[in-house]
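Have a look at the structure below, then the notes.
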Amino acid sequence: MHSKLFLLSLLLLLSCGGTKTIVIPEAKPLPDWVNNPHINHPKSIYLVAVGVAQSKFEAESKAYEGIARVFGVDVNSKETLTTHVSETGVGANSELSKTAKMVNQLNVKTGQKVLNTQIEASYLDTRSGNYYVLATLHKVRTSEVYVAQVNENKSQIDKWLTLFEQENDQITKLGYLTKAKSLIDLTNYLKQPLKVLGYYGTDIDLTNTDKKVEEKRQALLASTKVYVHSNEGTASVNDAILKSITNQGLRVTSNEQEAYISVFYTFSAKEINIGQKNGTKFALWDLSIDIKRSKNNASFGVYSKTNRAGQMNIDAAKKRAIYEATKDISTHFGSFFTNKVFN
């Protein structure tokens with residue numbers, strides 16, 4: 001009896017419930033600027049880019065990247081802010097860092113916001129879940145900033161060249177020329193964005209200055225002799241150090257008395273036991289390169305590196321250690337040398 005009443009009640013509920021209609025909100029059209037980003041920002045005045053992504057942050061990043069791509073500046077990995085500043089030994093408040101930052105912003109790979117870029121509008125498409133972001137850059141205002149920086153750099157380069165002429169010490173003279181050359185290289189990167197922005201003034205051309213500085217620098221480097229010596233090392237390590245020095249245009253001498261710079265290095269690779277169970281043998285290698293001014297024995301700095309190399313026997317492990325040390329010297333020692341000696 002109870003079960004019949006339950007079924008009857010269930011049928012009544014189902015018959016009275018009816019059906020529900022799902023209302024899908026009408027999709028709003030995308031803003032005009034999504035497909036026509038110049039609609040409110042004329043090409044003659046603005047650079048524009050639209051970024052699209054599932055998050056607003058990523059859409060903004062893509063819009064910034066789009067502006068950077070318009071400039072088409074191909075910045076070498078060695079010329080980005082971090083590397084260039086570290087290799088030339090300049091700090092955050094140096095004469096080079098401001099320009100280096102500008103150049104780094106133009107490199108798409110860094111993902112940074114280009115100078116004077118503004119986010120003008122953003123829109124969330126509820127159907128797709130995509131965010132649309134419009135980024136703009138005012139051409140004239142931005143070119144004015146770049147030109148002002150070029151002129152500031154030219155003034156600084158002239159100051160370094162004046163100090164170069166007044167200085168008698170060979171190493172210090174090379175320091176002024178090295179910094180001037182670095183700032184010229186960075187400034188030359190600003191020529192491409194200025195062309196994109198419609199600026200073709202001849203006042204930004206540093207070709208003649210660049211040629212003059214590089215000729216003086218190469219001549220001075222060729223007459224700067226370096227003495228390399230060791231009481232504990234290998235032929236491979238020695239050759240790697242010599243190559244790093246001569247690649248910079250410096251001369252190596254076997255006469256310590258005529259050298260401006262003395263380089264003393266030690267290298268060792270010794271077996272270590274780290275409890276390995278698979279039969280692998282390890283060699284701990286240690287490299288130290290001390291760079292000094294010959295006339296007073298003052299140290300410019302010490303380049304040092306320690307690591308371990310593993311192979312199936314100790315002889316192979318030691319050979320591997322030598323290989324790793326020479327590769328490290330070839331990759332990093334040259335920039336360390338320039339940083340410490342000429343800045």
Side-chain angles (χ1 to χ4, degrees), residues 78 83 86-89 168-175 178 217-276 279-343:
K78 288 187 178 181
T83 306
S86 65
E87 288 192 355
T88 53
N168 293 320
D169 180 75
Q170 181 123 336
I171 305 301
T172 306
K173 287 172 77 73
L174 268 170
T178 300
R217 197 173 73 90
Q218 290 299 327
L220 208 56
L221 283 169
S223 64
T224 303
K225 298 178 181 179
V226 182
Y227 176 64
V228 180
H229 57 121
S230 175
N231 57 16
E232 184 182 12
T234 69
S236 296
V237 170
N238 188 79
D239 290 345
I241 294 172
L242 293 178
K243 188 174 181 179
S244 292
I245 292 171
T246 55
N247 280 348
Q248 297 180 68
L250 295 158
R251 288 182 60 190
V252 174
T253 179
S254 57
N255 184 352
E256 185 176 7
Q257 303 303 315
E258 66 178 13
Y260 285 95
I261 302 166
S262 173
V263 175
F264 177 77
Y265 74 93
T266 60
F267 174 79
S268 63
K270 300 176 181 178
E271 184 176 5
I272 56 171
N273 187 347
I274 58 174
Q276 61 273 20
T280 303
K281 300 295 183 181
F282 284 90
L284 179 70
W285 61 267
D286 183 78
L287 171 69
S288 176
I289 310 174
D290 189 5
I291 310 167
K292 293 183 177 181
R293 184 186 285 268
S294 295
K295 69 178 182 181
N296 58 10
N297 215 34
S299 179
F300 288 110
V302 178
Y303 183 84
S304 60
K305 192 65 68 73
T306 300
N307 209 337
R308 69 186 186 194
Q311 291 290 324
M312 294 308 295
N313 62 71
I314 189 58
D315 288 337
K318 288 182 177 180
K319 287 182 180 179
R320 178 69 188 182
I322 294 172
Y323 167 78
E324 290 180 3
T326 55
K327 185 177 180 180
D328 183 86
I329 293 167
S330 300
T331 305
H332 302 294
F333 179 64
S335 59
F336 178 88
F337 186 99
T338 299
N339 178 6
K340 295 299 182 181
V341 177
F342 301 134
N343 291 285

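Excluded from the calculations below are hydrogen atoms, water molecules and symmetry mates; all remaining heavy atoms, backbone and side chain alike, are included.
Using cut-offs of 30° and 60° on the angle between ring planes, the pair Tyr303 and Phe336 is perpendicular.
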| task | Any chance you could lay out the side-chain contact (heavy atoms from CB on, under 4.5 Å) test for Ile329 and Val237, step after step, and finish with the verdict? | result | CA-CA 8 Å; Ile329 293 167; Val237 170; 3.8 Å; yes
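The shortest non-hydrogen separation linking Ala283 to Ile314 is CB-CD1, 4.3 Å. Shortest non-hydrogen contact noted between Asn313 and Ala316 is OD1-N, 2.8 Å. Ile274 and Arg308 make their closest contact through CD1-NH1, 3.5 Å (heavy atoms, listed as atom of the first residue, atom of the second, distance). The shortest heavy-atom contact between Val341 and Ile171 is O-CG2, 3.5 Å. Scanning all heavy atoms of the two residues, the minimum distance from Ala309 to Arg320 falls at CB-CG, 3.6 Å. Across every non-hydrogen atom of Glu324 and Trp285, the tightest pair is OE1-NE1, 3.1 Å.
Side-chain contact between Leu250 and Thr246 is absent, with no heavy-atom pair separated by less than 4.5 Å. Using a 4.5 Å cut-off on side-chain heavy atoms (C-beta onward), Gln311 and Thr280 make no contact. Looking at Ile289 and Leu287, their side chains come closer than 4.5 Å, going by heavy atoms from C-beta outward. Looking only at side-chain heavy atoms (C-beta outward), Thr224 and Lys173 stay at 4.5 Å or farther from each other.
For Ser262 and His229, the side-chain atoms include at least one donor-acceptor pair closer than 3.5 Å. Checked by atom type, the side-chain pair Asp286/Thr306 shows a donor-acceptor distance below 3.5 Å. Counted by atom type alone, Thr266 and Glu232 present zero donor-acceptor pairs between their side chains at under 3.5 Å. For Ser294 and Glu258, the side-chain atoms include no donor-acceptor pair closer than 3.5 Å.
With hydrogens and angles disregarded, no donor-acceptor distance shorter than 3.5 Å links the side chain of Thr331 to the backbone of Asp328. Not one N or O on the side chain of Thr338 forms a donor-acceptor pair closer than 3.5 Å with the backbone of Ser335.
Partner of Tyr265 under the side chain to side chain donor-acceptor pair (under 3.5 Å) criterion, chosen from Asp290, Asn231, Asn238: Asn238.
Heavy-atom neighbours of Lys305 NZ from other residues, nucleotides or ligands within 6.0 Å: above the threshold of 12. The local environment of OH in Tyr260 is sparse, with at most 12 non-hydrogen atoms from other residues, nucleotides or ligands closer than 6.0 Å. Counting heavy-atom neighbours within 6.0 Å of Arg293 CZ, excluding the residue itself, gives a total above 12.
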